[in-house]
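One structure is given below, encoded as structure tokens.
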Amino acid sequence: IIPLVSYNLLKLALDLMVLQIAVLIAPAIILGVIASNKKLMGGFILKGLNKYIYWITVILIFITGVISAWPLLEKIG
């Protein structure tokens with residue numbers, strides 16, 4: 001549980017930003033799947049280079065979040 005009153009509010013804010021990556025990865029994956037579905041998107045389907053760039057960006061953001069969260073995870077475990 002994250003305390004509402006902390007001695008180091010800047011560290012708390014940074015930790016919450018790191019944890020936000022884990023929360024936002026699911027909507028990013030769902031959005032990518034929906035955007036790649038031709039039945040739903042019709043002529044606006046995510047394809048080709050745009051599709052690869054989208055998925056690489058999502059993966060890089062997630063990897064960056066995991067690397068940033070490593071010290072936080074070590075402190076918990």
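Heads up: numbering here begins at 1 and tracks the sequence.
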Minimum heavy-atom distance between S36 and I45, given as atom pair plus value: O-CD1, 3.2 Å
Of the non-hydrogen atoms in G65 and V18, which two are nearest, and what is the gap between them? O-CG1, 3.8 Å
Applying side-chain contact (heavy atoms from CB on, under 4.5 Å), can you list everything that pairs with [X], at least two apart in sequence or on another chain?
X: I63; result: I59, I67
X: I53; result: L49, T57
X: N50; result: L46
X: L40; result: I34, N37

Can you list, by chain and residue number, the hydrophobic cluster partners of L60 when the side-chain cut-off is 4.5 Å? I56
side-chain hydrogen bond (donor to acceptor under 3.5 Å, both in side chains) involving W55 - partner list, sequence neighbours excluded: none
How many angstroms lie between NZ in K51 and OH in Y54, if you round to the nearest 0.5 Å? 12.0 Å
Any link between I61 and M17 through a network of hydrophobic side chains (Ile, Leu, Val, Met, Phe, Trp, Tyr) touching at under 4.5 Å? no
Side-chain heavy atoms of I25 within contact of V58, under 4.5 Å: yes
